[in-house]
S.K.: 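One structure, as structure tokens, below. Some questions next.
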Amino acid sequence: MALQFQIMPVTPFRQNCTLLWDDNSGEAIFTDVGGDSGFLWQEAQALGLSPQAVWLTHGHLDHAGGVVALTQEHPMPVLGPHPDDEFLLQALPQTTAEFGFPVSPAFTPERWLAEGEQLRVGAYVFDVLHIPGHTPGHVVFHCAAEKLLIAGDVLFYETIGRTDFPRGNHQDLIDNIRNKLLVLPDDTRVIPGHGRMTTIGHERVYNPFLQG
Ligand SMILES: [Zn+2]
Ligand SMILES: [Zn+2]
């Protein structure tokens with residue numbers, strides 16, 4: 001009995017949508033539904049799960065572009081990101097068209113998130129940490145009991161998020177990673193928004209952006 005997860009890369013950007021569930025209660029959620037919502041729902045159903053919410057780390061199209069398609073088909077609340085990413089959710093019709101994604105309407109989540117809030121999947125509590133830098137309203141989800149971090153586009157295996165987008169800020173990103181993520185236990189597992197998993201301990205030692 002434990003917190004379970006399955007990473008399902010979606011969209012041409014191979015964004016790591018993650019299905020999180022409590023295998024005791026069967027409660028489940030999706031993080032970052034960038035696209036391919038029909039595929040995501042089928043994968044959940046194949047595991048016997050009917051996710052009850054979407055949690056968003058930030059408003060980029062590869063993380064939020066499939067939310068409306070999913071929730072129109074399977075109504076469920078959308079939680080996050082921080083309201084400073086509202087401009088990105090409002091821009092989805094343009095950005096999805098520009099990148100050749102299925103066009104997404106703009107939307108407003110049922111609940112914006114802020115530093116210090118807590119979300120639950122069954123018995124498991126996740127702390128919301130606000131990590132601006134990649135986008136101004138980026139949040140990450142940390143389950144201290146299970147040492148699991150849903151990191152979105154903040155921290156990747158041996159690299160960090162790009163900051164050359166509108167309202168990106170490299171120093172904010174570095175400072176927030178140092179102050180809020182590198183203080184977590186070394187064996188904290190990190191699910192990044194793209195690519196392979198890592199740990200806080202590995203990034204502390206090997207991430208070239210976080211040395212010195
Ligand atoms: Zn992003
Ligand atoms: Zn991304």
Side-chain angles (χ1 to χ4, degrees), residues 5-20 29-37 39-40 54-70 78-104 106-109 112-115 128-142 148-177 180-181 189-198 203 207 209-210:
F5 63 86
Q6 179 166 312
I7 299 169
M8 301 172 290
V10 294
T11 85
F13 295 3
R14 305 287 291 164
Q15 182 266 313
N16 287 333
C17 172
T18 302
L19 179 62
L20 288 172
I29 64 98
F30 288 118
T31 68
D32 287 355
V33 175
D36 303 332
S37 60
F39 161 76
L40 294 176
V54 177
W55 298 357
L56 295 182
T57 62
H58 66 299
H60 278 158
L61 75 157
D62 53 322
H63 297 255
V67 167
V68 173
L70 177 73
V78 179
L79 286 63
H82 182 283
D84 285 355
D85 266 15
E86 184 175 18
F87 74 108
L88 292 169
L89 298 180
Q90 292 305 318
L92 283 172
Q94 295 80 39
T95 53
T96 49
E98 191 180 321
F99 284 91
F101 281 44
V103 173
S104 169
F107 68 92
T108 302
W112 297 107
L113 296 175
E115 175 83 16
V128 175
L129 305 174
H130 183 203
I131 314 275
H134 174 70
T135 68
H138 201 303
V139 294
V140 301
F141 306 111
H142 175 234
L148 184 68
L149 179 72
I150 307 295
D153 286 354
V154 162
L155 182 64
F156 301 103
Y157 177 76
E158 297 185 4
T159 189
I160 60 171
R162 288 172 58 179
T163 51
D164 56 335
F165 296 117
R167 300 183 59 189
N169 185 312
H170 184 76
Q171 198 56 49
D172 272 359
L173 183 61
I174 298 281
D175 291 347
N176 277 289
I177 292 173
K180 297 181 184 176
L181 301 186
R189 299 164 293 164
V190 178
I191 301 178
H194 305 265
R196 57 170 289 184
M197 286 183 70
T198 184
E203 297 313 309
N207 192 310
F209 294 95
L210 304 176

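Ligands are counted one by one from 1 in listed order, and the atoms in each one are counted from 1 as well. The first residue of the sequence shown is numbered 1, and numbering continues consecutively from there.
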S.K.: Could you pull out the N/O/S protein atoms under 2.8 Å of the Zn ion (ligand 2), ignoring any water?
M.R.: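 Listed by chain and number, the nearby protein N, O or S atoms are D62 OD2, H63 NE2, D153 OD2, H194 NE2.
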
S.K.: Would you say the side-chain atoms of D85 pair up with the backbone N or O of G59, donor to acceptor, closer than 3.5 Å?
M.R.: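 Answer holds: yes.
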
S.K.: Parallel, tilted or perpendicular for H194 and F156, by the 30°/60° rule?
M.R.: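 Answer is tilted, since the angle falls between 30° and 60°.
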
S.K.: Side-chain contact, heavy-atom cut-off 4.5 Å: M8 with T18?
M.R.: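 The answer is no, as the side chains (C-beta and beyond) never meet within the 4.5 Å cut-off.
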
S.K.: Under a 3.5 Å distance rule, please check whether H138 uses its side chain to pair with a backbone N or O of D153 as donor and acceptor.
M.R.: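 Checking the backbone N and O of D153 against the side chain of H138, a donor-acceptor pair under 3.5 Å is found.
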
S.K.: Between the side chain of T96 and the main-chain N/O of F101, is any donor-acceptor distance below 3.5 Å?
M.R.: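 Judged by distance alone, no pair lies under 3.5 Å.
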
S.K.: Just checking H134 against F165, ring centres under 6.0 Å apart?
M.R.: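 Aromatic pair counts; centres sit under 6.0 Å.
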
